[in-house]
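Here's the structure, in structure tokens; my notes come after.
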Amino acid sequence: MFNWLSIFAGTLAWVMVESLLYNPVHAWGRFWAKESGMAEKMEKQKMSVSDMLFTFGGTILVGVFMAIGLSHAAKTASAGIGSTFGVSPLVAALMMAFLNWLAFYGVGQFVLAAYSGQSKKLIGLHLLNGLIGLLVLGLVIGLLG
């Protein structure tokens, strides 16, 4: 059975962290906006309501899916290695967050970004932002799950 509180809180934390990392109100976000071409795009056009619903609704939905998957992976790891080696649920969740980033999120992000012609700096930024977001998600799930 899933702990829906940890999934909801983890999703909320992930969305907030990712939104903050990509927000152009600070140097890190401005760097992303400039490197990705979003700064110029944001100046020229406004998002329609349907674009906003698609973008933010999709982001929240992806966050829920990641939180459910990470919650299950953390519970499985905690039951397996936790009982054998005494690993806490928090450590298991952080370990699963890192391994999911390394094996799936990071690989997918790298391939997509590299083949779409993004700069090495932008690829690195996406990979680091993804790692930070997943570790925050793992932290919340580990603490509440």
Is the closest side-chain donor-acceptor distance between His126 and Tyr105 under 3.5 Å? no
Going by atom types alone, do Asn23 and Trp28 pair a side-chain donor with an acceptor below 3.5 Å? no
Other ILVMFWY residues reachable from Leu53 by side-chain steps of under 4.5 Å: Val49
Co-members of Phe104 in a cluster of I, L, V, M, F, W and Y side chains, linked at under 4.5 Å: none
Check for me, please, whether [X] and [Y] land in the same ILVMFWY cluster - side-chain distances under 4.5 Å, paths through other members count.
X: Ile7; Y: Leu12; answer: no
X: Met16; Y: Leu70; answer: no
X: Ile60; Y: Phe54; answer: no
X: Leu112; Y: Leu122; answer: no

What one should report as the nearest heavy-atom pair of Pro24 and Arg30 is O-CG, 3.0 Å
Compare every heavy atom of Glu35 with every heavy atom of Ser119, then report the nearest pair and how far apart it is. OG-OE1, 2.6 Å
Under the side chain to side chain contact (heavy atoms under 4.5 Å, CB included) rule, what do Phe2 and Lys75 come out as? Steps first, then yes or no, please. CA-CA 9 Å; Phe2 294 113; Lys75 283 189 186 304; 5.8 Å; no
Should we count OH of Tyr22 as having more than 12 external heavy atoms under 6.0 Å? yes
Would you tabulate the side-chain donor-acceptor contacts of residues 131-145 under 3.5 Å, counting partners in other chains and residues two or more places apart, or write 'none'?
none

Looking at Met52, is its backbone amide N or carbonyl O close enough to the side chain of Thr55 to form a donor-acceptor pair, meaning the two atoms are under 3.5 Å apart? no
So, Trp101 side chain and Leu127 main chain: donor-acceptor pair closer than 3.5 Å or not? yes
Residues in side-chain hydrogen bond (donor to acceptor under 3.5 Å, both in side chains) contact with Trp4, at least two apart in sequence or another chain: none
Tell me, please, which residues at least two apart from Leu20 pass side chain to side chain contact (heavy atoms under 4.5 Å, CB included). His26
Tell me the side-chain hydrogen bond (donor to acceptor under 3.5 Å, both in side chains) pairs involving residues 6-18, sequence neighbours left out? none
